[in-house]
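Keep in mind that what you see is a predicted model, and the values were worked out from it rather than measured. Here is the naming used below: chain letters follow the sequence lines, and residue numbers restart at 1 for every chain. Computed from heavy atoms alone, side chains included, the values below leave out hydrogens, waters and symmetry copies.
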Amino acid sequence: MDFATICAIVFTAVFSQNFILKQFLGICPFLGVSRNIKSAFGMGVAVTVVMTITCLITYPIYNFILVPLEIEYLEIIVFIFVIASLVQVLEIILKKLSKPLYNAMGIYLPLITTNCAVLGVAELVLGSDLVTNLLGAVSFGFFGGIGFTIAIVLMSGMREKLNALDVPKAFEGFPITMLIGCFMAMAFYVFA
Amino acid sequence: MKVKAKDLLLDGILRQNPVLKLVLGTCPTLALTTAAMNGVGMGLAVTFVLICSNVIISALRNIIPSKVRIPAYILIIATFVTILRMVLNKFLPSIATALGSYLPLIVVNCLILGRAEAFASKNPVLDSAVDGLGMGLGFMLSLTLMGAFREILGTGCIFGVELWSFKIEFFTHQAGALFTFAIFIAVFVGISNLISSMRAKKMIKEYSDKNNEVKEEIA
C-alpha cells in the first residue's frame, strides 16, 4: 500500500465522503449531542475509537471467516454483534483503567451501539474501491471518525453562539440546527 | 378495541409522526429523499421490519430479562433486516440498489429500537403490530412527501415522470436535504402550534360562555 492510496483514503474519509455531511450517517448524535463543544468533542473521540476498532475486527471477520464459509448474508447480524460487544468491553476496560477518562467518555459509549456511522463504516469499507487490505480499512475507520469529530465540533461551536439569538418559534430546536447543518453541507459541497 | 386501534394508527401517522414530530430515523430520511420512489421503498422496508420486530418483541416481553433487553432487541431486528435484504436482493434488486448501504443500516434506525423500547416491550402483541403499522406508514408518508418535494424542485420529475424542464439543483444535494427537512419540521410544528392554540381559545370561549350563562341564571 503506497503513500498516494493512504492520502486518497484520508481525503475521502475526512472531506469528500464526510460521514455526517456527505453520507448522512450519525445524524442523531450530530443533532443531539452538539449542544456544547466539550460534549461534542467527547462524543467525537469515542466514535473515532469505536470506528477504528470496529474496522480492525469486522474487516478480517468478513474476509477470512464469512467469505470462505460462504455465509456473507450473516454480515449484518455478525457486525452488530461485534459492535455491541466491543462497546460493552470498552466500557468495562475504561471503568477499570481510568476513572477520569470513563467519566469523560463513558456516557457516550452506550449511545454508540446504535450510531449508524459505526455500522456504516463496517459496511462501507467492504464496498470501497480504495480499501484493499487491513491497513486501508483501519485508516478509513480512523479518518472517518476524524471527519465525524470535525463536523460535530464545528456544529456545537455554532450552536453555542445560537443560544444568544432569537429564532422564530417554529424554527426552535431541530429546524434551526438543520439549517446550520445545511450551510455546513454547502461548504463541504466543494469537496466533491 | 376499534377506537384504540384507530387512535394508535393516527398517532403514528399524524400526531406522533416519527419523522416530523419525534425526529427519529433521520439518517435515511436525509439520505434517501432525493426521489419520491426511494421514500416509498424505504418506508415499506422499515414498516415491514417494524411490524415484525414489534410483534416478536411484544410476544417475548415477559421472557427477555430486562438487563439484556437492548442486545436482544437488536438481534431480533437484525434478523428481520437480514431476511428483508435477502428477499429484496432476490426479487427486487432495483430497490435494493437504490437503498444501498441504508438497507443494512435499518438495524440501527432509532425509530425501530425506539418503538421496541417505548411501546412493544409494554403492550400486547396486536396493539404492537398496529403501532408498528401506524409508525411505519407515518415514516413512509413523510419520506415520500419530502422525496416528492425534492424531486419536483431538484429534477422537475415526480416518480421518474418529467413534469417540466425547470430545476433547482440545490435540492438534489446534501444541503438541500437538510434545508427541506428543516422547512418540513418548521411547517409541521407551526401548524400543530396553530391548531392547539385555536383549540385552547375555543375551550376558553366555551368555558366563559358557560360561566356567563350561569351568571345570567343566577341573576
Chemist: Could you tell me whether A:Tyr189 atom OH has more than 12 heavy atoms of other residues or ligands within 6.0 Å of it?
Modeler: no
Chemist: Which distance, rounded to the nearest 0.5 Å, do you find between the CG of A:Leu124 and the CG of B:Leu105?
Modeler: 8.0 Å
Chemist: Would you find more than 12 non-hydrogen atoms of other residues, nucleotides or ligands less than 6.0 Å from A:Phe81 atom CZ?
Modeler: no
Chemist: What are the residues of residues 22-41 of chain A, in order of number, with any heavy atom under 4.5 angstrom from a heavy atom of chain B?
Modeler: A:Lys22, A:Gln23, A:Phe24, A:Leu25, A:Gly26, A:Ile27, A:Cys28, A:Leu31
Chemist: Using the rule given for salt bridge (Lys or Arg N to Asp or Glu O under 4.0 Å), can you reason through B:Arg85 versus A:Glu72, listing the C-alpha separation, both sets of side-chain angles and the distance that settles it, and then say yes or no?
Modeler: CA-CA 12 Å; B:Arg85 196 187 195 188; A:Glu72 293 100 323; over 6 Å; no
Chemist: Between B:Leu178 and A:Ala185, what is the shortest heavy-atom contact and its length?
Modeler: CD1-CB, 4.0 Å
Chemist: Which bit of A:Thr113 comes within less than 4.5 Å of chain B, counting heavy atoms only: side chain, backbone, both or neither?
Modeler: both
Chemist: Nearest 0.5 Å please: distance from the CG atom of B:Leu103 over to the CD atom of A:Glu123.
Modeler: 9.0 Å
Chemist: Which bit of A:Phe174 comes within less than 4.5 Å of chain B, counting heavy atoms only: side chain, backbone, both or neither?
Modeler: side chain
Chemist: Looking at A:Cys116, A:Gly173, A:Ala84, which has the largest count of heavy-atom pairs under 4.5 Å with chain B?
Modeler: A:Cys116
Chemist: From B:Thr82 OG1 over to A:Tyr73 OH, what is the distance, rounded to the nearest 0.5 angstrom?
Modeler: 10.0 Å
Chemist: So which part of B:Tyr102 gets closer than 4.5 Å to some heavy atom of chain A, the side chain, the backbone, both or neither?
Modeler: side chain
Chemist: Highest number of heavy-atom pairs under 4.5 Å with chain A: which of B:Ala175, B:Pro71, B:Gly25, B:Ala78?
Modeler: B:Ala175
Chemist: Tell me, side chain or backbone of B:Phe170 under 4.5 Å from chain A's heavy atoms, or both, or neither?
Modeler: side chain
Chemist: With a 4.5 angstrom heavy-atom cut-off, is it the side chain or the backbone of A:Ile77 that approaches chain B, or both, or neither?
Modeler: both
Chemist: Can you tell me how far apart SG (B:Cys110) and CG (A:Asn115) are? Round to the nearest 0.5 Å.
Modeler: 9.0 Å
Chemist: Measuring from atom CD of B:Gln174 to atom CD1 of A:Ile20, what distance do you get when rounded to the nearest 0.5 angstrom?
Modeler: 13.0 Å
Chemist: Given the rule in the side chain to side chain contact (heavy atoms under 4.5 Å, CB included) test, do A:Leu179 and B:Phe181 qualify, once you have shown the distances and angles that lead to the verdict?
Modeler: CA-CA 9 Å; A:Leu179 279 184; B:Phe181 203 177; over 6 Å; no
Chemist: In terms of heavy-atom pairs under 4.5 Å with chain A, which of B:Thr26, B:Val189, B:Ile74, B:Val23 leads?
Modeler: B:Val23
Chemist: With a 4.5 angstrom heavy-atom cut-off, which part of B:Pro104 approaches chain A: side chain, backbone, both or neither?
Modeler: both
Chemist: Within this structure, what is the CZ-CE distance for the pair B:Phe179 and A:Met186, rounded to the nearest 0.5 Å?
Modeler: 7.5 Å
Chemist: Where on B:Leu30 is there a heavy atom nearer than 4.5 Å to chain A: the side chain, the backbone, both, or neither?
Modeler: both
Chemist: Restricting to non-hydrogen atoms, name the atom on A:Pro175 and the atom on B:Ile185 that form the minimum distance, rounded to 0.1 Å.
Modeler: CG-CG2, 3.6 Å
Chemist: Can you say whether B:Thr79 sits under 4.5 Å from chain A via the side chain, the backbone, both, or neither, judging by heavy atoms?
Modeler: both
Chemist: Quickly, which of B:Val107, B:Ile77, B:Val81 forms a side-chain contact (heavy atoms from CB on, under 4.5 Å) with A:Ile80? Name it, please.
Modeler: B:Val107
